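Residues take their numbers from the sequence shown, with the count starting at 1. Just so you know, these numbers come straight off a predicted model, no measurement behind them.
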Amino acid sequence: RTLQQEALREMNTGAMTGAVLLSYFDLGTTVAVGFTYLQIGTTSSIRGAYTTFGMLIGSLVLQAIMNWATGQGVVAAVVTLFGGKPVFDAYHVIYDKPVGGGQNPVAVLSMTRAYEVCFDALPQAVMQAIILVQLADDERDYLLWGSIIFSALSVSYLVAMAEVDIDTASNYRRAFDQIHGYMPDSPSARRAVVGGILLCISGFMLAKMAALSVLFVGSSSSPVAASWLLVEFVMLTALRAGSEGTFRFQIAGADTFLGSLIIDIVLYVLSIGAPFFLLRFPGYLGPSIYLLWCLYQLAVNPIMIAVGLQLDGRKEQVDIELSEGLLLLAVAVAAFMALVGFAVSIAFMNHGCRKTFLGRLSFRQYLAELWESRTWAPIGKGLDASRADLISFSRFYWPPNDKVKAWLEPNWDGWVAAPPQWFTSSFVQQIAAGAPPEVLPIAVLQDLAEKHSGKGVGQEESSTRQLSIGASTRQPSSRQFATTSRKELVQMEEKRRANRAFTHAKQLGIWAAALVFSYVDLGTTVVVGREYLSMGTAQGRHAAHMTFGMLGVSLGIQTMATHWTGQGTLASLATMTGGKMLLDTFHIMTGRNPAGDVTSGTALVGTRFMLVVLDSLPQSAAQMFLVAGLDDANPSALMLCSIVGCVLSIAFLVATTELDIDLSKHYRTNLGTVHGYYVENSATMQGLVLVGTVFFCDGVSRGKAYLTGNPHPC
């Protein structure tokens, strides 16, 4: 057994090393191609170089944000920024070390590969193809052709390795044996399947790159390409929603409207460029959509080329340098490669899994089947452990309420008295917070009523956590609601959740507005500084240096304050780049806290305070002073709008901070003589007070800024 484990480890090490080397070779060729475009020297090639480098940097930043948001930790996010995530993940898989807060390293590695394909490899390849079809014959060299072909090979290898990792993982095979397990045990047959995947994905991607590049170049002066992709995205999303009964994603936490929309975009991008076999899993594209959608994408490529060439022919100067015959031949050969590769994979895979590529099986149906039959899960053995694991998926896919209730109600007291391994505080919290009120056990309803009786919104989340701890330690429910009927308890919980949803929606609107004000203020400051520079006078340069200098000093002081208060490295980096408001708002919305002992609410209040004191107030006064010193013909409308924006940002930040603090139960309880002027249960009165505070602060700030910039107004 030890020798087998060592052999498996060496095999994984070799495969992962190859994937890592391909990733970095692809990264290196992207950088080399960018410099090649710069050396060509034409306007379009220079623009292509900047686009290539911009997309590369944007991809790394976006991947870092996604890795951090999914709980992989600050180290993983920082490593991603420097392009080291493939090595980082491969190390964790080889040595079987969990990532971040205990995440499965195989799942994390597969996620990284999907991000690389979606955010980096596919966009870069399409961008390079767009530039390539516009170059003359003497401008296209072997490096440009090789970079595109190697991008397709690199993507196909990443897809193949991700498929091997997931399909051969014992946890996935045992938990979802109807879907996973198509990789045969025979080494030769497995190599044939992997080779088929390589050929299939390479051909699929090359065909789509040719079609997209021609369509984008041909319709550069019209929105045809963007409209085409938008229509396809809407069509795929509608098909998924029709198949699953909802467009929400199946993973809890990613099933919000915004999260599901982002996942839908990722699924669409992957489906048109690198359709992982994993996408046939119910809840992604599913077997009813996957194969038909892939065939449609191959069939529509010649039409995209024909449309692009026709639109390009209507221009005064044709941009596409490749002939129609060559393009159609390339697409035909690539499509043939894809079909042959798929046929090889189907021929050599385990026969029982072929049906999973075409059929009618939604994730809701699959979960309902597993609910009744599966007796194993990663969290334990037995039917109850399996159901507890299935409950961890999005509530939009749970079995019917009567089945969940019939499982929870008769067993809850026994689980509390003798908790199984899977009956943890997080499980209890998930049931209490996510399950529909009508399916909750009577004991949980009583505990919720007790915890939330007489408490405001500010304490609801902590009360839920206390409930989970109390349930797992077998604390009895209060007698206060022991005689209350189940129907009344359900109505109380439904009303509480409705009030909480309304409050959260209101807070989300306020936070979003504050975020917009802050970044509009920051953006106008930068633009105004550039306008000062463009004046070309000594006075303008002085104003620009003063504007940028104050902005840099403000961000530096805020960064030091963030670091000194123990909010962590990520918060300090976000502050340095002007992203602290966005980070704090994300923490508030997701219920997370920054590093250290600082709560998310305290961090947001502190950030707003520093923005007002260190940025908006000094900037508004300085801008008023600088504008007042310019000639009457020099101040632009944007300069004046920048002053107005600074003042309005100050007023709104102050007003929203006052709202958050005054409605806090902590301050109302401990400092009741000062806090409590906002009417707690009236949204209308709260809105009026908020607007009044904005106008009051706006008037005071405008007057002070005017007097600062005009010391002798008379």
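- Atom CG of residue L153 and atom CD1 of residue I148 lie 12.0 Å apart, to the nearest 0.5 angstrom.
- Panel note: side chain S260, backbone F249; a donor-acceptor pair is recorded below 3.5 Å.
- R374 and A377 get closest at one heavy-atom pair: NH2-CB, 3.7 Å.
- A donor-acceptor distance shorter than 3.5 angstrom exists from the side chain of S345 to the backbone of G341, with no hydrogens or angles considered.
- Looking at every heavy atom in both residues, E369 comes nearest to S373 through O-OG, 2.8 Å.
- Looking at S202, its side chain never comes within 3.5 Å of a backbone N or O of L199 through a donor-acceptor pair.
- A distance-only check finds no donor-acceptor pair linking the side chain of S243 to the backbone of S362 [under 3.5 Å].
- No side-chain donor-acceptor contact under 3.5 Å links R248 to the backbone of F396.
- The shortest side-chain heavy-atom distance between V300 and Y296 falls under the 4.5 Å cut-off.
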Identify each donor-acceptor pair in which a side-chain atom of residues 175-187 lies under 3.5 Å from a protein atom, sequence neighbours left out, and give them as a table.
unit_1 : atom_1 : unit_2 : atom_2 : d
Y182   : OH     : E163   : OE1    : 2.6
S186   : OG     : S188   : OG     : 3.1

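- With contacts defined as side-chain heavy-atom distances shorter than 4.5 Å, the pair I346/R354 qualifies.
- The closest side-chain heavy-atom distance from I305 to L215 is not below 4.5 Å.
- If you take CG on L309 and OG on S323, they are separated by 9.0 Å, rounding to the nearest 0.5 Å.
- A distance of 6.5 Å separates CG of L132 from CG of L322, quoted to the nearest 0.5 Å.
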List the atom pairs, donor and acceptor, that lie under 3.5 Å between side-chain atoms in residues 223-230 and the rest of the protein, sequence neighbours left out.
unit_1 : atom_1 : unit_2 : atom_2 : d
S227   : OG     : P223   : O      : 2.6
W228   : NE1    : E232   : OE2    : 3.1

Is there a ring pair (Phe, Tyr, Trp, His ring centres under 6.0 Å) between F35 and F53? Walk through the geometry before answering. CA-CA 9 Å; F35 282 110; F53 291 134; 5.3 Å; yes
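- Taken from OG1 in T51 to CD1 in I46, the straight-line distance is 11.5 Å, to the nearest 0.5 Å.
- The closest side-chain heavy-atom distance from Q63 to S59 is below 4.5 Å.
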Kindly indicate, with the supporting measurements, whether the criterion side-chain hydrogen bond (donor to acceptor under 3.5 Å, both in side chains) is fulfilled by T80 and N67. CA-CA 8 Å; T80 304; N67 290 330; 3.0 Å; yes
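- A distance of 13.5 Å separates CG of L292 from CZ of F357, quoted to the nearest 0.5 Å.
- Using cut-offs of 30° and 60° for the angle between ring planes, the Y366 and F363 rings count as perpendicular.
- Between C118 and V269, some side-chain heavy-atom pair lies under the 4.5 Å cut-off.
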What's the verdict on ring pair (Phe, Tyr, Trp, His ring centres under 6.0 Å) for F204 and F342, showing C-alpha distance, side-chain angles and the deciding distance? CA-CA 10 Å; F204 194 97; F342 183 78; over 10 Å; no
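- Not a single donor-acceptor pair under 3.5 Å links the side chain of S394 to the backbone N or O of Y397.
- For the pair R280 and Y290, the cation-pi test (distance below 6.0 Å, angle within 45°) is failed.
- Nearest heavy-atom pair across A274 and L122 is N-CD1, 4.2 Å.
- In plain terms, the two heavy atoms of L358 and L291 that are nearest each other are CB-CD2, 4.4 Å.
- Between R395 and D255, no side-chain nitrogen of the basic residue sits less than 4.0 Å from a carboxylate oxygen of the acidic one, so the salt-bridge criterion is not met.
- R174 places no side-chain N or O within 3.5 Å of a backbone atom of W376 that could act as its donor or acceptor partner.
- For NZ of K315, the number of neighbouring non-hydrogen atoms (other residues, nucleotides, ligands) closer than 6.0 Å is greater than 12.
- Of the possible polar contacts, one joining the Q134 side chain to the I130 backbone as a donor-acceptor pair under 3.5 Å is found.
- Nearest heavy-atom pair across L311 and S219 is CD1-CB, 3.6 Å.
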Side-chain donor-acceptor pairs of residues 329-338 under 3.5 Å, sequence neighbours excluded:
none

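- The backbone N or O of S151 lies less than 3.5 Å from no partner atom in the side chain of S154, so there is not a single donor-acceptor pair.
- Residues R113 and D89 are not paired through a salt bridge, judged by the lack of any N-O separation under 4.0 Å between the basic side chain and the carboxylate.
- For CZ of F348, the number of neighbouring non-hydrogen atoms (other residues, nucleotides, ligands) closer than 6.0 Å is 12 at most.
- Contact annotation: the side chain of H92 never approaches that of L109 to less than 4.5 Å [non-hydrogen atoms, C-beta and beyond].
- For the pair E244 (side chain) and G283 (backbone), a donor-acceptor distance under 3.5 Å is present.
- Y91 and K97 are linked by a side-chain donor-acceptor pair at a separation below 3.5 angstrom, with hydrogens and angles left out of the test.
- The shortest non-hydrogen separation linking S392 to A252 is O-CB, 3.3 Å.
- Residue-environment remark: CD (E324) stays at or below the threshold of 12 foreign heavy atoms within 6.0 Å.
- The distance from atom CG of L279 to atom CD1 of I289, rounded to the nearest 0.5 Å, is 11.0 Å.
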side-chain contact (heavy atoms from CB on, under 4.5 Å) evaluation trace for T356 with L361: CA-CA 9 Å; T356 63; L361 181 65; over 6 Å; no
